[in-house]
Amino acid sequence: MEVQFRLNGKQVKAEVAGDSVLLDVLRKLGCVSVKCGCETTNCGLCTVWIDGRPRLSCSVLAASIDGQEVTTLEGVQEEAAEFGRFLAEEGAEQCGFCSPGFIMSVFAMVRELDNPTIEEIKEYLAGNLCRCTGYMGQLRAIQKYMKAKRIQFQEADKEVQV
């Protein structure tokens, strides 16, 4: 069957079997950031946004995305580079295997939560596993990134009001 959806802002078509999962379709469409790490919906490596909400692409049937919008890390490269600088400043850069899913979850959290506590951040990101670093550097980077984003949004609001 054919599905049509928006992928990173562009309309695409894909031929999918009834049992195809979104992760496999996205990889075939060239979205190499979307990875399979566990095949049990436990690691978060395959996190993408479907209509702006984070979802595990390994648990979504490709046929169900017809008419929806899917965003992968390839669709938020500029923002990802900005966040990457915060990770690097905290010594929290990683091998990169889990980074795309983690970053997609962080960006969703930034959009959904206003000034979360460390515990709220940990809870939100609980499904994103990293095998090569501790999480404290990541948490510091997230807090600093979110603070910078709040300041950026406040400055933009002031400009609009003037």
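For clarity, every value in this text was computed on a predicted model and none was experimentally measured.
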Enquirer: List for me each residue that meets side chain to side chain donor-acceptor pair (under 3.5 Å) alongside Arg85, sequence neighbours excluded, and say none if there are none.
Expert: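 Checked Arg85 against side chain to side chain donor-acceptor pair (under 3.5 Å); zero matches.
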Enquirer: Under the rule for salt bridge (charged side-chain N to carboxylate O under 4.0 Å, His left out), what residues qualify as partners of Lys147, not counting sequence neighbours?
Expert: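 Residues passing salt bridge (charged side-chain N to carboxylate O under 4.0 Å, His left out) with Lys147: none at all.
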Enquirer: Please enumerate all residues that pass salt bridge (charged side-chain N to carboxylate O under 4.0 Å, His left out) together with Glu74, with sequence neighbours excluded.
Expert: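 With sequence neighbours excluded, Glu74 shows a salt bridge (charged side-chain N to carboxylate O under 4.0 Å, His left out) to no residue whatsoever.
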Enquirer: Please go through Phe97's hydrophobic cluster and name the other residues, only I, L, V, M, F, W, Y counting, with side-chain heavy atoms under 4.5 Å joining them.
Expert: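 Reading the cluster by chain and number, Phe97 sits alongside Leu45.
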Enquirer: Is Tyr145 linked to Leu73 within one hydrophobic cluster, defined over Ile, Leu, Val, Met, Phe, Trp and Tyr using a side-chain heavy-atom separation of less than 4.5 Å?
Expert: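 Yes, same cluster.
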Enquirer: May I ask you to list the residues sharing a hydrophobic cluster with Leu22, side-chain cutoff 4.5 Å, ordered by chain and number?
Expert: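 Hydrophobic cluster check, Leu22: joined to Met1, Val3, Phe5, Leu7, Val12, Val16, Val21, Leu23, Val25, Leu26, Leu29, Val34, Val48, Ile50, Val60, Ile65, Val70.
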Enquirer: Looking only at non-hydrogen atoms, find the nearest pair between Phe86 and Ala148 and report the distance.
Expert: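 For Phe86 and Ala148, the tightest heavy-atom pair comes out as CZ-CB, 3.7 Å.
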Enquirer: Tell me the closest heavy-atom pair linking Arg27 and Val32, and the distance in Å.
Expert: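 Closest heavy-atom pair between Arg27 and Val32: NH1-O, 2.8 Å.
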Enquirer: Lys149: which residues meet the salt bridge (charged side-chain N to carboxylate O under 4.0 Å, His left out) condition with it, sequence neighbours left out?
Expert: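 Salt bridge (charged side-chain N to carboxylate O under 4.0 Å, His left out) list for Lys149, sorted by chain: Glu82.
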Enquirer: Between atom CE of Met104 and atom OG of Ser57, what is the distance when rounded to the nearest 0.5 Å?
Expert: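 Answer for the CE-OG pair, Met104 versus Ser57, is 10.0 Å.
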Enquirer: Kindly write out the residues that satisfy side chain to side chain contact (heavy atoms under 4.5 Å, CB included) with Glu155, not counting sequence neighbours, or none if the list is empty.
Expert: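 For Glu155, the residues satisfying side chain to side chain contact (heavy atoms under 4.5 Å, CB included) (neighbours in sequence not counted) are Ile151.
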Enquirer: To the nearest 0.5 angstrom, please state how far the CD1 atom of Ile118 sits from the CD atom of Glu123.
Expert: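 The CD1 atom of Ile118 sits 13.0 Å away from the CD atom of Glu123.
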Enquirer: Treat each ILVMFWY residue as a node, draw an edge where side-chain heavy atoms are under 4.5 Å apart, and state whether Val110 and Leu87 are in one component.
Expert: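 Yes, Val110 and Leu87 fall within the same hydrophobic cluster.
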Enquirer: For Gly44 and Asn128, which heavy atoms make the closest approach, and how far apart are they?
Expert: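 Closest approach of Gly44 to Asn128, heavy atoms only: O-ND2, 3.5 Å.
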Enquirer: Write down the atom of Thr47, the atom of Pro54, and the distance for their closest heavy-atom approach.
Expert: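 Shortest heavy-atom contact: CG2-CB, 4.0 Å.
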Enquirer: Glu120 side chain to Thr117 main-chain N or O, any donor-acceptor pair under 3.5 Å?
Expert: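 Between the backbone of Thr117 and the side chain of Glu120 there is a qualifying donor-acceptor contact (under 3.5 Å).
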Enquirer: With rounding to the nearest 0.5 angstrom, report the OG1 to CH2 distance, Thr72 to Trp49.
Expert: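 If we round to the nearest 0.5 Å, Thr72:OG1 and Trp49:CH2 are 10.0 Å apart.
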Enquirer: Can you list the steps and then say if Ile142 with Phe83 is a side-chain contact (heavy atoms from CB on, under 4.5 Å)?
Expert: CA-CA 8 Å; Ile142 291 167; Phe83 180 60; 3.9 Å; yes
Enquirer: So how far is it from Thr71 OG1 to Phe107 CZ, rounded to the nearest 0.5 Å?
Expert: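 Thr71 OG1 to Phe107 CZ: 12.0 Å, rounded to 0.5 Å.
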Enquirer: Between Arg150 and Asp114, is there a side-chain heavy-atom distance shorter than 4.5 Å?
Expert: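 Yes, at least one pair of side-chain atoms sits under 4.5 Å.
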Enquirer: Can you sort out the partners of Arg111 under side chain to side chain donor-acceptor pair (under 3.5 Å), two or more places apart, ordered by chain and number?
Expert: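 Arg111 satisfies side chain to side chain donor-acceptor pair (under 3.5 Å) with Glu79 once adjacent residues are dropped.
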Enquirer: What closest approach, in Å, do Pro100 and Lys35 show between heavy atoms, and which atom pair accounts for it?
Expert: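 For Pro100 and Lys35, the tightest heavy-atom pair comes out as CG-NZ, 3.6 Å.
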Enquirer: Between atom CG of Leu139 and atom CG of Leu125, what is the distance when rounded to the nearest 0.5 Å?
Expert: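 Here the rounded value is 7.5 Å.
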Enquirer: Side chains of Cys98 and Leu129, heavy atoms from C-beta outward: is any pair under 4.5 Å?
Expert: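 The answer is no; the side chains never approach within 4.5 Å.
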Enquirer: Output all residues satisfying salt bridge (charged side-chain N to carboxylate O under 4.0 Å, His left out) with Lys122, sequence neighbours left out; order by chain, then residue number.
Expert: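 Result, salt bridge (charged side-chain N to carboxylate O under 4.0 Å, His left out) vs Lys122: Glu119.
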Enquirer: With sequence neighbours left out, write down each residue that passes side chain to side chain contact (heavy atoms under 4.5 Å, CB included) with Lys28, or none if nothing qualifies.
Expert: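 Here no residue qualifies.
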Enquirer: Considering only residues two or more places apart or on different chains, which pairs with a residue in residues 42-58 satisfy salt bridge (charged side-chain N to carboxylate O under 4.0 Å, His left out)?
Expert: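 Residue pairs passing salt bridge (charged side-chain N to carboxylate O under 4.0 Å, His left out), neighbours aside: Arg53-Glu112.
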Enquirer: Calculate, to the nearest 0.5 Å, the distance between atoms CD and CD belonging to Gln138 and Gln143 respectively.
Expert: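 CD of Gln143 is found 12.5 Å from CD of Gln138.
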Enquirer: Could you pull out all residues at least two apart from Ser99 that satisfy side chain to side chain contact (heavy atoms under 4.5 Å, CB included)?
Expert: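 Checked Ser99 against side chain to side chain contact (heavy atoms under 4.5 Å, CB included); matches are Gln94, Ile103.
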